[in-house]
K.L.:
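Please read through the structure below; I'll follow up with questions.
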Amino acid sequence: MAKAKSVYRCTECGHDHPKWAGRCEACGAWNAVAEEPVSVVRPSASARGRRTAAGGLVGGVKPARLRDVATQPLERWRTGLPEFDFVLGGGIVPGSMILIGGEPGIGKSTLLLQAAARLETAGRTVLYASGEESPDQLRLRADRLAEDAGAVHVLGETRLEAIIGAAGALAADVVVIDSIQTVYTDTLESAPGNVGQVRECSGQLMRFAKESGSTVIVVGHVTKGGGIAGPKTLEHIVDTVLYFEGEVALDYRLLRTTKNRFGSVDELGVFSMTERGLVPVPNPSAVFLAARAAGISGSAVTALMEGTRPVLVEVQALAARSGYGTPQRVATGLDPKRLAVLLAVLERRAQMSFVDLDVFVQVTAGVRVTEPGADLAVAAALVSSLLNRPAPPDVIFLGEIGLGGEIRPSGAVERRIAEAARLGFRRVFGSALGAPQVAGVSVVGLDHVEQLVRTLAA
Ligand code: TYD
Ligand code: MG
């Protein structure tokens, strides 16, 4: 078949190049030039009159008043894996496209095979197209699982046109592409995994999803920089982006929503990886705190907001005399820059000096802290370690710390405190500003880091 003509376009600035280049000659971006077909034939005629998942017309040319647009309650297919359904916002939306990113070996294929098995059991037709593993390898994996994946349709194919053809012939409700980096389309000459291929394949899969009403779930390996398949190009195309993460050595796996057109973002689902596949963890706070040893200095508990759900985690700190040279600052699960800021604030505003000390801070269970609401817990763990005084076991720490050493309230306090109460915590150390009344929990107001130090030292 004669190849269609291609252009090489920068995905950052849109500049066209006569041939592929490692660096865009217009804007200087590296690795951003991607092959694109010159003209994409859009199947508008066949699509006209069909409805999308949201009830709008695909390919229709007559605009409608917004108030006349018919709305239907969004249909959802439950996978029966509660944590997976939860992060999706209640289940899989028909006709949508979902991207699951994560490092190799984290459990993406396992999760999707389990979801596929459950969907088939519930009467949905699922096509699992695997370019990563051969069907017999998939079978070996399936045999380990608690679910019966026997009815799932598998395809060991990497040519996109063949996969879409098979999905159409099967009238599949859900199509899994494992992974997007292994598939290629005939319309481009470049190799699978290339940014151009990934973009074009994703675009074609999105059109297929919208036109057929099938849901397409694509797996994307996370590259070293943390982006999925190159310059994050995929994330704009799809409806929902999930990241699967966790320390491979630990059993916990965290599934997080970073984009969702059909639900809220930053939702967190927790699984544990077992001999028989992934098992949802319905009560993450209890699991994250299970290994906590009371009465040890350098430990502080806080409640993070993970999407709409509060989750309790333990922050641990250890300040130890530095052997030689520049003291080390090691932060696991926390931004090292945030740690540096908090150390400087403690030093200047509360006379807690960590000079000459190695400082190690970690958040347990592989959770990553990104919100400033955890500042006070980090500071408390640091001070507790330095003073060698354990924090009281029934206390959680809530609040942001400013550069002046002032402690500010964090958002969604009521839900955080309610979760703490549920797990048996009786006191909250943090800003008393606007602190809500939650039965069984008292708020001990702290306005400044100096007060934190005095309280922990007492
Ligand atoms: P996998 O789903 O292949 O990861 P990905 O698709 O993200 O690359 O997960 C592979 C890991 O999971 C591998 O180290 C084996 C482990 N595993 C279990 O512990 N239990 C199981 O039941 C299965 C199927 C895999
Ligand atoms: Mg895999």
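Start at 1 and go down the list; that is how both ligands and their atoms are numbered. If you're wondering where the values come from, they're calculated on a predicted model, not measured in any experiment.
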K.L.:
Can you give me the closest heavy-atom contact between His17 and Cys10, atom names plus distance?
P.N.:
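Taking every non-hydrogen atom into account, CE1-CB, 4.3 Å.
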
K.L.:
Can you pull out the closest protein heavy atom to atom 6 (O) of ligand 1? Residue, atom name and distance to 0.1 Å, please.
P.N.:
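Protein heavy atom with the smallest distance to atom 6 (O) of ligand 1: Ser109 OG, 2.7 Å.
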
K.L.:
Salt-bridged, Glu314 to Arg292, with N to O below 4.0 Å?
P.N.:
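Arg292 and Glu314: not salt-bridged.
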
K.L.:
Measure from NZ or CZ of Arg118 to the centre of the six-membered ring of Phe84, then state whether that distance is under 6.0 Å and the direction lies within 45° of the axis.
P.N.:
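Checked: cation-pi criterion not met.
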
K.L.:
Return the closest protein heavy atom for atom 22 (O) of ligand 1 as residue, atom name and distance.
P.N.:
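Looking only at protein heavy atoms, the one closest to atom 22 (O) of ligand 1 is Gly277 N, 2.7 Å.
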
K.L.:
Numbering the atoms of ligand 1 from 1, which are under 4.0 Å from a heavy atom of Pro104?
P.N.:
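Matching atoms, with element in brackets: 8 (O).
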
K.L.:
Any ion pair linking Arg261 and Asp239 (charged N to carboxylate O, less than 4.0 Å)?
P.N.:
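Arg261 and Asp239: salt-bridged.
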
K.L.:
With a 4.0 Å cut-off, strictly under, does atom 25 (C) of ligand 1 pick up any protein heavy atom?
P.N.:
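At least one protein heavy atom is under 4.0 Å away.
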
K.L.:
Salt-bridged, Glu306 to Arg415, with N to O below 4.0 Å?
P.N.:
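Between Arg415 and Glu306 there is no salt bridge, as every charged N stays at least 4.0 Å from the carboxylate O atoms.
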
K.L.:
Is the contact between Glu132 and ligand 1 made by the side chain, the backbone, both, or neither, using heavy atoms and a 4.0 Å cut-off?
P.N.:
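Near ligand 1, Glu132 shows nothing, with every heavy atom at 4.0 Å or more.
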
K.L.:
When you check the gap from the basic side-chain N to the acidic O, do Arg199 and Glu35 get nearer than 4.0 Å?
P.N.:
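So Arg199 does not pair with Glu35 through a salt bridge.
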
K.L.:
Check ligand 1 against Arg276 and write out every atom of the ligand that is under 4.0 Å from a heavy-atom position of the residue.
P.N.:
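Listed by number with element: 22 (O).
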
K.L.:
Look at atom 4 (O) of ligand 1 and say which protein heavy atom is nearest, naming residue and atom and giving the distance to 0.1 Å.
P.N.:
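Nearest neighbour among protein heavy atoms for atom 4 (O) of ligand 1, to 0.1 Å: Gly107 N, 3.0 Å.
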
K.L.:
Give the atom numbers and elements of ligand 1 that come within less than 4.0 Å of a heavy atom of Thr110.
P.N.:
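The atoms of ligand 1 under 4.0 Å from a heavy atom of Thr110 are 1 (P), 2 (O), 9 (O), 24 (C), 25 (C).
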
K.L.:
To check your reading of the model: name the closest protein heavy atom to atom 3 (O) of ligand 1, its residue, and the distance in Å.
P.N.:
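For atom 3 (O) of ligand 1, the nearest protein heavy atom comes out as Arg141 NH2, 2.9 Å.
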
K.L.:
Run the side chain to side chain contact (heavy atoms under 4.5 Å, CB included) test against Ala209 and tell me which residues pass, sequence neighbours left out.
P.N.:
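Result, side chain to side chain contact (heavy atoms under 4.5 Å, CB included) vs Ala209: Val216.
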
K.L.:
When you check the gap from the basic side-chain N to the acidic O, do Glu267 and Arg256 get nearer than 4.0 Å?
P.N.:
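No salt bridge links Glu267 with Arg256.
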
K.L.:
Among protein heavy atoms, which sits nearest to atom 15 (C) of ligand 1, and what does the distance come to when rounded to 0.1 Å?
P.N.:
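Going by distance alone, atom 15 (C) of ligand 1 is nearest to Arg144 NH1, 4.3 Å.
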
K.L.:
Any luck finding a side-chain donor-acceptor pair between Gln316 and Ser299 under 3.5 Å?
P.N.:
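No, Ser299 and Gln316 have no side-chain donor paired with an acceptor closer than 3.5 Å.
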
K.L.:
For atom 12 (O) of ligand 1, grab the closest protein heavy atom and report residue, atom and distance to one decimal in Å.
P.N.:
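Going atom by atom, the protein heavy atom closest to atom 12 (O) of ligand 1 ends up being Met273 CE, 3.2 Å.
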
K.L.:
Would you say Lys108 has any N or O atom under 3.5 Å from an N or O of ligand 1, going by distance alone?
P.N.:
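N/O-N/O distance below 3.5 Å exists for this pair.
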
K.L.:
Please work out whether any backbone atom (N, CA, C, O) or any side-chain heavy atom from C-beta onward of Thr274 is under 4.0 Å from ligand 1, and answer side chain, backbone, both or neither.
P.N.:
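The answer is the backbone of Thr274.
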
K.L.:
Between Ser109 and the Mg ion (ligand 2), is there a contact where an N/O/S atom of the residue lies under 2.8 Å from the metal?
P.N.:
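Ser109 does place an N, O or S atom closer than 2.8 Å to the Mg ion (ligand 2).
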
K.L.:
What protein heavy atom sits nearest atom 10 (C) of ligand 1, and how far away is it?
P.N.:
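For atom 10 (C) of ligand 1, the nearest protein heavy atom comes out as Gly105 O, 3.9 Å.
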
K.L.:
Any donor-acceptor pair under 3.5 Å linking the side-chain atoms of Glu120 with those of Thr125?
P.N.:
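On atom types as modelled, these side chains do not qualify, holding no pair under 3.5 Å.
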
K.L.:
Enumerate the atoms of ligand 1 whose separation from the nearest heavy atom of Glu103 is less than 4.0 angstrom.
P.N.:
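Matching atoms, with element in brackets: 7 (O).
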
